[in-house]
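Reading through the structure tokens given below for one structure.
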Amino acid sequence: MSDLLTRDFFDRPTHVVAPDLLGRIVQFGPVGVRLTEVEAYGLPGQDPASHTYRGRTPRNAVMFGPPGFLYVYFTYGMHFCANIVCLPEGLGSAVLLRAGEVVAGLDVARERRTGVKDRDLARGPARLAMTLAFGRAQNGLDCFGGGPLRVLAGSPGGKIMSGPRTGVSTGADTPWRFWIDGDPTVSPYRAHVPRRNDRVLRKAVRSAENTDL
DNA sequence: GTGCAGATACACT
DNA sequence: GTGTATCTGCACG
């Protein structure tokens with residue numbers, strides 16, 4: 001199974017595309033990852049968790065473009081995460097690639113992430129991005145442009161599960177996180193722990209220390 | 001298993 | 001100017 005999907009595949013709402021994406025293979029150059037966990041992000045003004053919630057910015061501009069393009073963003077000052085844009089140009093939504101299993105270019109993937117167990121190579125959104133070598137330069141790449149980035153057909157080979165995304169009030173009734181049941185490469189990530197108070201406290205302590213110096 | 005440090009882009013005051 | 005973020009690796013138990 002290595003047929004290409006068509007762009008139409010992504011010309012649908014994210015919560016429809018996301019579960020359908022499980023088991024498909026994202027290939028970039030020599031490395032291919034079979035998706036085992038994804039998360040859908042909604043439209044501006046509708047999904048507080050989405051980067052497009054507050055409208056268009058230079059960073060999220062790709063999300064407002066046509067479907068089937070890669071949106072790579074930088075977060076926490078050190079990590080990249082990758083999404084694929086859904087719905088027609090101008091709407092602004094995408095599916096986050098959370099985890100997967102390396103099924104092609106395993107040797108290259110191991111070289112990129114030495115000392116990491118095979119199952120952990122793409123187990124988590126930022127790890128997946130590292131393994132596929134997604135970075136700033138890959139933001140805005142077309143999955144259907146005939147270039148090194150492609151999405152291939154595949155089947156989940158397991159039961160598809162879904163659950164609510166954490167920390168979101170609006171989408172609490174609609175479970176927009178999808179994974180393949182029992183797959184060892186599904187990221188263990190916890191329900192987004194809002195460590196706000198801890199972080200605020202730590203930051204306060206740090207700045208207090210700086211002041212004392 | 002749990003807890004924390006890291007360091008940048010962006011929205012908001 | 002300030003606070004948060006679609007998180008990971010490592011230290012520790």
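Convention: sequence-line order gives letters A, B, ...; per-chain numbering from 1.
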Legend entry - Between B:dA7 and C:dT2 - C1' atom distance, rounded Å: 15 Å
Inset, instruction - Record whether the side chain of A:H79 comes under 3.5 Å of the base of C:dG9 through a donor-acceptor pair of N or O atoms. - result: no
Legend entry - Ion pair A:E101/A:R123, N-O distance below 4.0 Å: no
Inset, instruction - Using the criterion of both pairing distances under 3.5 Å for Watson-Crick and G-U wobble pairs, give all stems of 3 or more consecutive pairs involving DNA chain B. - result: B:1-6 with C:7-12, B:8-12 with C:1-5
Inset, instruction - Can you tell me the distance, in whole Å, between the CZ atom of A:F74 and the C1' atom of C:dT4? - result: 15 Å
Legend entry - Whole-Å gap separating C1' (C:dA5) and OH (A:Y41): 11 Å
Inset, instruction - Quick one: sort the A:H51 and A:Y71 rings into parallel, tilted or perpendicular, breaks at 30° and 60°. - result: perpendicular
Inset, instruction - Considering only atom C1', compute the distance from C:dG9 to B:dA9 and round it to an integer number of Å. - result: 22 Å
Legend entry - Any A:R113 side-chain N or O less than 4.0 Å from OP1/OP2 of C:dG9: yes
Legend entry - A:L96 CG to C:dA5 C1', straight-line distance once rounded to whole Å: 13 Å
Inset, instruction - Starting at atom CZ of A:R136, determine the distance to atom C1' of B:dT8, rounded to an integer number of angstrom. - result: 8 Å
Inset, instruction - Calculate the interatomic distance between A:F80 atom CZ and B:dG6 atom P; express it in whole Å. - result: 20 Å
Legend entry - Distance in angstrom units between A:Y73 OH and C:dT4 P, rounded: 18 Å
Legend entry - Whole-Å distance separating the CE atom of A:M78 from the C1' atom of B:dT8: 9 Å
Inset, instruction - Can you tell me, in whole Å, how much space there is between the P of B:dC12 and that of C:dT6? - result: 13 Å
Legend entry - Distance under 6.0 Å and angle within 45° of ring axis: A:R12 vs A:F9: yes
Legend entry - Geometric cation-pi criterion, A:R136 with A:F74: 6.0 Å, 45°: yes
Legend entry - Pairs meeting criterion salt bridge (Lys or Arg N to Asp or Glu O under 4.0 Å) with involvement of residues 52-63 of chain A, two or more places apart: none
Inset, instruction - Look at the side-chain N and O atoms of A:R98 and state whether any lies under 4.0 Å from the OP1 or OP2 oxygen of C:dC7. - result: yes
Inset, instruction - Round to a whole Å and report the spacing from CZ of A:R123 to C1' of C:dG9. - result: 14 Å
Legend entry - Check ion pair A:R113-A:D120 (N to O, under 4.0 angstrom): no
Inset, instruction - From the options C:dC7, C:dT6, C:dG9, select the nucleotide whose nearest atom is closest to the side chain of A:R127. - result: C:dG9
Legend entry - Pairs involving residues 24-33 of chain A, ordered by first then second residue, that meet side-chain hydrogen bond (donor to acceptor under 3.5 Å, both in side chains) (sequence neighbours left out): A:D20-A:R24
